[in-house]
Structures are given as C-alpha cells and as structure tokens.
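What follows is one structure encoded as structure tokens, with my remarks underneath.
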Amino acid sequence: MIALDFPFPRPPEPGATLEIAPGLHWLRLPLPFRLNHVNLYLVAGDDGWTVIDAGVDTPEARALWEGVLAGILADRPVRRLIVTHYHPDHVGAAAWLCERTGAELVMGETEYLTARVHRLATADDLAGERSFYAGHGLGPAELDRMAERLDRYRSVVPALPRRYAPLRDGDRLRVGPFDAEAMLLAGHSPAQALLHVPGHDLLFAADHVLPQISPNVSVAEDKPDDDPLGRYVASLEALPRRVPDRTLVLPGHRLPFFGLHRRCAELVDHHAARCADIARFCDPATPLTAAEIVPLLFTLDLDAHQFWFAFSETLAHVNMMARRRELVSVQDGGVRRWRRAPAGLAPSAPS
C-alpha cells in the first residue's frame, strides 16, 4: 500500500486549466465557503467537450466560466455536463451552463431529485427540521443558524435543468477518449457518482474520497434513523477491490493523488476513532445529546454552514453506533440522549 503522492503539487489558478492527461483538463473555481474551491474536469472528445461538475452559480463563477468558454472550450461544443451529486458546489451552475452551451445534463436520479427537494423546501419543511434538531438538543440560537442553510442552497443553486439523462450504477459511458464505468456510492451524498476509467487508471472521485480532509457524511431530518456512515464505511472497504492502487484519483477538492487504498483505509480508521471518542464521551451515568457531543468532537469555531455539517456528521456517527448497538438512546423530556451500551449487545441488521 503506497503513501499518498501528489503528481500535480500546484493547482491551476481560479478559472485557469491544467492538462493532466491527453485531453483531460483540471479546472478550479472559487466557492463562497471556508472550503474555498471546487475541482472540475473538462474532457475533450472528437465531437465535443464533456464537463464534470459545474461549481456554484455566482457572478464571479459565471465570469470565470465565460473565460473558459471563450478559451479552451471554444474549439468545439460542450456536449455533456456530468454532475456527480446534488451539493451546491457541484450542481449550482448546471442550469446556467446547460442553457449557455446547450449541453445535456447527466446525473443520477437520486441526486437530481434530492437537489429539487432542496430547491423547493417550504416553511413547513423548515419547521419539521427545527423540531427534529430541537429533539437532539439544539437551542433556539443554534436552530436559527441551521435555518440559514436552505436559503443559502437556493442562493447558489438558483435553478436546475428541467431535463436530464439519468446515470445509473454500472453504466458505461464514453467520456472524451475514455471508456468510463459509473459507480453510485452512498455516504457524502445518497448516491454520488464516481467514474472509473480502468483503461487509463483514472478515477473521477468527486467528494467520495478526498486527500487530507474527510468528506462530510450527514443525517437529515427526513431520514432520522438512517445510517449513511455505515454505508460509506462499507463502500470504502469495498472500493480497493474494484479500483487498483495505481489509479490517479481526481477529487472534487484539494489535489489529485495516487494512493487510493491507503486513503480509504485512513478514512475508515478516522471514523472508527470518532466512534471511540463518542463512546468515551457518552458515559452511562451522564448520557449526552448529539448537540452536546458536537463541541467535544469539533473544537474549532464553526460558522453556520460548518455547524450544520458538524452536527449532522455527529448524528451520523451516533446512528451508526446505535445500529451496531454501541450506543443506547434515552428520552429526557422530549430530547434524545445517548449513553454507551453495556457490553454484549448484538448489533442490529444493517440498513
């Protein structure tokens, strides 16, 4: 198992591109978040370009896209936009880009519909979320911070294309000169699309496997007892059996890298360590709410955007541990608390 190796140590400047294989160009665009960039990929084919992910829809991003369209993409039409998942930094500018270029949107059905749900959220949806999060120990000020999230989504995803071509697990598609296989994997999002190109040892990994940072895995109000982290860990354990370690990983953030197998193992170990911390915090004599666990796991100052990630990821660990019978819930005046389970409880069936 090789260490992580970064063959392109300097990313392209925002709006500029870097060719990392014949016909394959890396584009980086800015984000209005603390994680301040997203990696997009442009692939040249004989009949036109395929773009992988769109970035957010902001005036700054549109201006940079116009430069790209007038530059490297000007020699042939943009035929297709593949969006890996519903998060705003990947789908945000999809409607604008498809309208601007005539490109067809290719996206997994679950991810497309999830994006529509977030775009169409109502006051009733926000009220339901507020009740759910209050039941896990969040106070009024924290709940107000959480409510900012959906408005922020719509601000950078102002529209979605009304038509798209569904991408399904196992689909084989031609991406420029590459024959790619789609893998739809759960964790960071419900069914994020990864594109494996075995003939050229490439993996467009989106946010499923990132170097140096752990992809966020969250539980949301509409699936309160779901176990996305359990599915994510299972996918990390299975991925090295499907993709060779010699593969160049093209992530949605940070730098392309070699060392997929090591990184998958590091991420599995990271989540195991998080669970061990939570088990230590949740003494049977003093059960804690998920909200009380958050500052014990995340000690940095968090803005509203990051706080939602931290809380929802904490809950993802709690749900996985509850599914494994490592934590037991206790109701306390309408608030759910968690204590470490006694030894010997059998895990429940996986979801």
Side-chain angles (χ1 to χ4, degrees), residues 31-35 86-88 114 117-157 188-189 213-230 232 270-271 273-323 326-341:
L31 297 176
F33 315 128
R34 185 171 291 186
L35 183 58
Y86 81 93
H87 290 164
T114 302
V117 167
H118 280 257
R119 281 274 311 123
L120 300 174
T122 67
D124 287 343
D125 295 319
L126 291 174
E129 284 204 341
R130 193 176 184 93
S131 174
F132 169 70
Y133 293 129
H136 282 286
L138 291 184
E142 294 161 321
L143 292 169
D144 290 342
R145 295 171 73 194
M146 300 285 273
E148 298 173 14
R149 180 176 53 87
L150 285 178
D151 286 338
R152 192 166 193 179
Y153 187 92
R154 286 188 285 255
S155 73
V156 292
V157 190
H188 178 67
S189 69
I213 55 176
S214 173
N216 177 262
V217 179
S218 295
V219 170
E221 176 268 338
D222 56 343
K223 294 178 283 188
D225 297 312
D226 192 26
D227 184 17
L229 185 57
Y232 180 58
H270 164 77
H271 290 294
R274 286 289 204 201
C275 289
D277 287 338
I278 291 171
R280 179 166 49 85
F281 299 147
C282 294
D283 187 276
T286 55
L288 300 176
T289 66
E292 290 169 335
I293 297 170
V294 170
L296 301 176
L297 285 180
F298 299 91
T299 57
L300 298 176
D301 183 41
L302 304 174
D303 61 25
H305 186 70
Q306 293 169 316
F307 181 82
W308 181 83
F309 281 138
F311 176 85
S312 298
E313 182 156 325
T314 296
L315 196 53
H317 285 84
V318 165
N319 279 10
M320 185 173 76
M321 295 174 72
R323 185 66 58 93
E326 296 167 358
L327 292 179
V328 176
S329 66
V330 180
Q331 287 296 127
D332 178 13
V335 175
R336 201 172 192 182
R337 296 182 175 275
W338 299 92
R339 59 179 174 81
R340 189 168 59 249

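Worth saying up front: this structure is predicted, and the values here are computed from it rather than measured. Only heavy atoms go into these numbers, but all of them, side chains included; no hydrogens, no water, no symmetry mates.
Residue I278 forms a side chain to side chain contact (heavy atoms under 4.5 Å, CB included) with just one option from L288, L327, L296, and that option is L327.
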What's the verdict on side-chain contact (heavy atoms from CB on, under 4.5 Å) for H136 and L315, showing C-alpha distance, side-chain angles and the deciding distance? CA-CA 9 Å; H136 282 286; L315 196 53; 3.6 Å; yes
Full working for side-chain contact (heavy atoms from CB on, under 4.5 Å) between E292 and W338: CA-CA 10 Å; E292 290 169 335; W338 299 92; over 6 Å; no
Passes side-chain contact (heavy atoms from CB on, under 4.5 Å), L297 versus D277? Steps please. CA-CA 8 Å; L297 285 180; D277 287 338; 4.0 Å; yes
Stepwise side-chain contact (heavy atoms from CB on, under 4.5 Å) check, Y232 with M320: CA-CA 10 Å; Y232 180 58; M320 185 173 76; over 6 Å; no
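Nearest heavy-atom pair across C282 and I293 is SG-CD1, 3.7 Å. Heavy atoms only, all atoms of each residue included: S214 and E313 are closest at OG-OE2, 4.5 Å. Closest approach of L138 and A291 over heavy atoms only: CD2-CB, 3.5 Å. The two residues V219 and D226 have their closest heavy-atom pair at CG2-O, 3.9 Å. Shortest non-hydrogen contact noted between L302 and A310 is CD1-CB, 3.6 Å. The two residues R34 and D301 come nearest to each other via the heavy atoms NH1-O, 3.6 Å.
With sequence neighbours excluded, the residues that form a side-chain contact (heavy atoms from CB on, under 4.5 Å) with R340 are A279, D283, P284. Residues passing the side-chain contact (heavy atoms from CB on, under 4.5 Å) test with D222 are A220, sequence neighbours excluded.
A cation-pi contact links R274 to F298, judged by a cut-off of 6.0 Å to the six-membered ring centre and 45° from its axis.
Ring geometry for H317 versus H271: interplanar angle of 30 to 60°, hence tilted. Between Y133 and F311, the two ring planes are perpendicular [angle over 60°; tilted spans 30° to 60°].
In this structure, the side chain of R336 does not engage the main chain of S329 through any donor-acceptor pair within 3.5 Å. The main-chain N or O of V217 is never found under 3.5 Å from a side-chain atom of H188 such that the two would form a donor-acceptor pair. Side-chain atoms of R323 come within 3.5 Å of backbone atoms of D225 as a donor-acceptor pair (strictly under, hydrogens ignored).
Note that CH2 of W308 is 8.0 Å distant from CD of E129, once rounded to the nearest 0.5 Å. To the nearest 0.5 Å, atom OG of residue S218 and atom CG of residue N319 are 11.0 Å apart.
Contact annotation: the side chain of F307 approaches that of V294 to within less than 4.5 Å [non-hydrogen atoms, C-beta and beyond].
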